[in-house]
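Heads up: the structure comes next, in structure tokens.
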Amino acid sequence: MSTVPTDPDAAAASQAEIDAEIAAGSKEYEASGVEETQPRLDFPPYRSSLLRHPTKSLHHTDPEEIELWSPAFGHRDVSPLESDLTMQPNGEPIGERITVTGRVVDGDGRPVAGQLVEIWQANAAGRYIHKRDQHPAPIDPNFTGVGRCLTGPDGSYRFQTIKPGPYPWKNHHNAWRPAHIHFSLFGTDFTQRMVTQMYFPGDPLFSLDPIYQSITDQKARDRLVATYDHDVTSHEWSTGYRWDIVLTGSHRTWMEEEEQA
């Protein structure tokens, strides 16, 4: 959703200025010769990146005490119907129906089974049902934009949803986010949570987006982009995309700080 920049005047920057800053960061990365598979914490083109990571030393806490005040998830708590975002009580949502599926695996390719996967996204017009999203795009009354499921024995997940639209945000003047779906993955307890974003192939906004570009290594960026898979499509119903999530190792999927757009 829309993000407030660190500097109140930062949103006045033009896309050309942001593009120049992104290009400068790319040159710095190429000159360093160091592979960066995760986003830079302080990435100047992404104005609020300074606010999105800890600036002080971390403190140890008792994990058992945290668990007393955290939600508990299990197979009885997650209905299979929650993975279909197109099933709404008062009508069907507007937009291109898509199926998104893949596997959650560790760095050695072993499946991670029984894990809670949550998604949230904008509707086909690029609008969230959230009080902070006030840009003048229509709200779809038949689309909540949220879903969840548990990974199967082979680490697989599957969602039926609507392809989200791009939307404006407040990083700079005329700033637009590429279409994406947010993913949240929980481990064996509530304190083990990772958040990332899935993008769609061929998006023309990739080169203009400072969040996507904050990952300076192209191979790491590519791992955030789903693949169109015709075998995942449904006849006369939906197109299909496949996207695997790697939790560990040098080829792991980028995971973001909390509250990113």
Side-chain angles (χ1 to χ4, degrees), residues 34-41 43 46 49 52-54 58 60-61 63-64 66-67 70-75 77-78 80 82-83 85 98-121 146-161 164 178 180-201 206 211-229 232 240-261:
V34 178
E35 183 179 12
E36 296 181 11
T37 60
Q38 294 297 298
R40 294 185 174 184
L41 295 180
F43 189 65
Y46 179 19
S49 60
R52 298 188 175 277
H53 60 87
L58 301 179
H60 291 286
T61 187
E64 293 185 1
I66 292 178
E67 290 299 316
S70 301
F73 302 102
H75 290 272
D77 300 312
V78 181
E82 294 182 71
S83 64
L85 284 68
I98 62 173
T99 300
V100 178
T101 188
R103 298 175 68 228
V104 180
V105 298
D106 65 15
D108 296 318
R110 295 173 296 198
V112 182
Q115 305 304 293
L116 179 67
V117 180
E118 296 178 330
I119 64 171
W120 65 96
Q121 62 170 92
V146 295
R148 62 179 185 164
C149 71
L150 294 170
T151 56
D154 60 348
S156 63
Y157 70 87
R158 189 180 188 91
F159 290 100
Q160 190 81 44
T161 185
H180 60 277
I181 298 177
H182 297 268
F183 275 72
S184 167
L185 298 98
F186 286 91
T188 56
D189 54 56
F190 188 66
T191 58
Q192 297 175 352
R193 186 188 188 215
M194 305 178 79
V195 178
T196 187
Q197 299 178 19
M198 186 203 84
Y199 297 90
F200 294 88
F206 283 158
I211 293 182
Y212 178 82
Q213 293 291 333
S214 68
I215 307 168
T216 52
D217 183 80
Q218 184 60 52
K219 291 183 292 184
R221 285 199 295 257
D222 291 343
R223 291 195 286 270
L224 292 178
V225 182
T227 301
Y228 175 79
D229 189 336
V232 177
Y241 293 88
R242 187 174 297 278
W243 188 57
D244 293 339
I245 302 172
V246 182
L247 297 180
T248 58
S250 60
H251 293 96
R252 73 186 182 101
T253 304
W254 166 66
M255 299 293 171
E256 67 190 38
E257 299 294 329
E258 293 288 342
E259 300 295 328
Q260 282 200 356

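- Looking at every heavy atom in both residues, S184 comes nearest to R193 through OG-NE, 2.8 Å.
- For the side-chain contact (heavy atoms from CB on, under 4.5 Å) with L150, the lone residue among D77, V78, V117 that qualifies is V78.
- Residues passing the side chain to side chain contact (heavy atoms under 4.5 Å, CB included) test with R158, sequence neighbours excluded: T99, T101, V232.
- Applying the ring pair (Phe, Tyr, Trp, His ring centres under 6.0 Å) test to F200 and every residue at least two apart in sequence or in another chain returns Y241.
- The CD atom of Q197 sits 11.0 Å away from atom CD1 of I181, with the distance rounded to the nearest 0.5 Å.
- Qualifying side chain to side chain contact (heavy atoms under 4.5 Å, CB included) partners for V246, counting only residues two or more places apart in sequence or in other chains: V105, R252, T253.
- The side-chain contact (heavy atoms from CB on, under 4.5 Å) test with W243 singles out one residue from D229, T227, T196, and that residue is T196.
- Residue M198 holds its CE atom at 10.5 Å from CG of L224, rounded to the nearest 0.5 Å.
- Residues Q115 and V104 form no side-chain contact, since every pair of their non-hydrogen atoms from C-beta on lies 4.5 Å or further apart.
- Taking 4.5 Å as the limit, some side-chain heavy atom of Q121 sits within range of a side-chain heavy atom of L85.
- The distance from the CD atom of Q213 to the CD atom of Q218 is 7.5 Å, given to the nearest 0.5 Å.
- Applying the salt bridge (Lys or Arg N to Asp or Glu O under 4.0 Å) criterion to D222, with sequence neighbours excluded, gives no partner residue.
- Between the side chain of E82 and the backbone N or O of P80, no donor-acceptor pair lies under 3.5 Å.
- The shortest non-hydrogen separation linking E35 to D217 is CG-OD1, 3.9 Å.
- The CD1 atom of I211 lies 6.0 Å from the OH atom of Y199; values are rounded to the nearest 0.5 Å.
- Of the inter-residue distances, the one linking T151 atom OG1 with R103 atom CZ reads 10.5 Å to the nearest 0.5 angstrom.
- Taking every heavy atom of both residues into account, E118 and F186 meet most closely at OE1-CE1, 3.5 Å.
- The CZ atom of R148 lies 11.0 Å from the OG atom of S83; values are rounded to the nearest 0.5 Å.
- Of all the heavy atoms in G152 and A113, the pair that sits closest is O-CB, 3.2 Å.
- The aromatic rings of H182 and W120 sit parallel to each other, their planes meeting at less than 30°, with 60° as the upper class boundary.
- Heavy-atom minimum distance, G155 versus P111: N-CB, 3.6 Å.
- Residues F183 and V100 meet the side-chain proximity criterion, which asks for heavy atoms closer than 4.5 Å.
- Within the 4.5 Å cutoff, side-chain heavy atoms of Y212 are placed close to those of V225.
- Taking D106 as the reference, R110 meet the salt bridge (Lys or Arg N to Asp or Glu O under 4.0 Å) condition, with sequence neighbours excluded.
- Heavy-atom minimum distance, G240 versus Y228: O-CD1, 3.2 Å.
- With sequence neighbours left out, R221 forms a salt bridge (Lys or Arg N to Asp or Glu O under 4.0 Å) with no residue at all.
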